[in-house]
Amino acid sequence: MRNYRVKERKTPDGRIQLTGSEDAEQEKVVCWAKLMSNAYPDLELLYHVPNGGSRNKAEASKLKRMGVRAGVPDLVLPVPRAGYAGLYIELKVGENRPSNSQKDWLEKLTIQGYQALVCYGGKEAIRALEQYVTAPKTILEMREGREGGNL
């Protein structure tokens with residue numbers, strides 16, 4: 001599946017570099033997940049964290065008060081697999097690299113038992129998702145809460 005807004009070009013050292021829009025690449029990943037959800041029903045739980053984008057100051061302040069946090073990865077699959085509690089993906093394209101706040105989130109999520117990845121381009125993200133959903137299920141231990149409910 002190739003997105004028309006993202007182009008491949010060869011760098012002087014022979015690497016393939018994607019240039020174009022992270023938004024377009026992410027749309028490609030989400031489209032793939034929708035198409036593949038019959039084969040892998042867990043992909044129906046994949047969602048995007050809308051932290052980016054341009055907003056006016058009032059809207060940005062409101063969202064910050066509501067809990068928007070800088071650096072949270074782009075895509076989340078809250079399904080336990082392969083010994084992990086879930087999967088987080090930060091999607092990058094071309095020369096883009098994770099910011100310090102994104103690196104911090106990825107590290108903290110890893111410590112909490114999640115697989116937290118940076119994927120460069122939609123193809124890499126799709127490969128990561130496919131590997132993840134085909135991995136063995138992880139059984140999470142449920143603990144009794146103080147009021148007798150499960151936590």
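Computed over heavy atoms, backbone and side chain alike; hydrogens, waters and symmetry mates excluded. Small disclaimer: the values here were computed from a predicted structure and weren't measured.
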Trainee: Taking only residues at least two apart or on different chains, which pairs with a member in residues 124-135 satisfy salt bridge (charged side-chain N to carboxylate O under 4.0 Å, His left out)?
Mentor: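 Residue pairs with at least one partner in residues 124-135: there are none.
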Trainee: Is there a side chain to side chain contact (heavy atoms under 4.5 Å, CB included) between W32 and L129? Walk through the geometry before answering.
Mentor: CA-CA 10 Å; W32 172 86; L129 283 162; 3.8 Å; yes
Trainee: Using the rule ring pair (Phe, Tyr, Trp, His ring centres under 6.0 Å), only one of Y114, W105, Y47 pairs with Y88; which is it?
Mentor: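 Result for ring pair (Phe, Tyr, Trp, His ring centres under 6.0 Å) with Y88: Y114.
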Trainee: Got a second to check how far Q115's CD is from T110's OG1, nearest 0.5 Å?
Mentor: 8.5 Å
Trainee: Write down the atom of A24, the atom of S21, and the distance for their closest heavy-atom approach.
Mentor: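 Closest heavy-atom pair between A24 and S21: N-OG, 3.0 Å.
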Trainee: Going by side-chain hydrogen bond (donor to acceptor under 3.5 Å, both in side chains), Q102 matches just one of R97, E107, E90. Which one?
Mentor: E90
Trainee: How close do L75 and V30 get, counting heavy atoms only, and between which atoms?
Mentor: CD2-CG2, 4.2 Å
Trainee: Would a single hydrophobic cluster contain both I89 and M36, if residues Ile, Leu, Val, Met, Phe, Trp and Tyr are joined by side-chain heavy-atom contacts under 4.5 Å?
Mentor: yes
Trainee: P73 versus L106: any side-chain heavy-atom pair under 4.5 Å?
Mentor: yes
Trainee: Considering all heavy atoms of both residues, which atom of A82 and which atom of T138 are nearest to each other, and what is their separation?
Mentor: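 Of all heavy-atom pairs spanning A82 and T138, the closest is N-OG1, 3.2 Å.
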Trainee: Could you go step by step and tell me if K123 and K28 meet the side chain to side chain contact (heavy atoms under 4.5 Å, CB included) rule?
Mentor: CA-CA 9 Å; K123 288 180 184 177; K28 179 169 70 172; 4.3 Å; yes
Trainee: Is there a side chain to side chain contact (heavy atoms under 4.5 Å, CB included) between Y40 and T134 once you walk through the steps?
Mentor: CA-CA 8 Å; Y40 308 117; T134 59; 3.5 Å; yes
Trainee: Is there side-chain contact between K92 and V118, with at least one heavy-atom pair below 4.5 Å?
Mentor: yes
Trainee: Name the one of V79, V133, L35, N38 that satisfies side-chain contact (heavy atoms from CB on, under 4.5 Å) with L43?
Mentor: V133
Trainee: So how far is it from K64 NZ to K57 NZ, rounded to the nearest 0.5 Å?
Mentor: 12.5 Å
Trainee: V49 and L63: same hydrophobic cluster, using ILVMFWY side-chain contacts below 4.5 Å?
Mentor: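 Per the 4.5 Å side-chain linkage, V49 and L63 are not co-clustered.
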Trainee: State, to 0.1 Å, how close C119 and A128 come at their nearest heavy-atom pair, and which atoms those are.
Mentor: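 Looking at all heavy atoms of both residues, the closest pair is SG-CB, 4.0 Å.
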Trainee: Not counting sequence neighbours, which residues clear ring-ring contact (aromatic ring centres under 6.0 Å, His included) with Y132? List them please.
Mentor: none
Trainee: Measure across G121 and L91 and return the closest heavy-atom pair with its distance rounded to 0.1 Å.
Mentor: O-CD1, 3.4 Å
Trainee: Would you mind reporting whether E22 and E25 have side-chain heavy atoms less than 4.5 Å apart?
Mentor: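 A side-chain contact is absent here, since even the closest heavy-atom pair is not under 4.5 Å.
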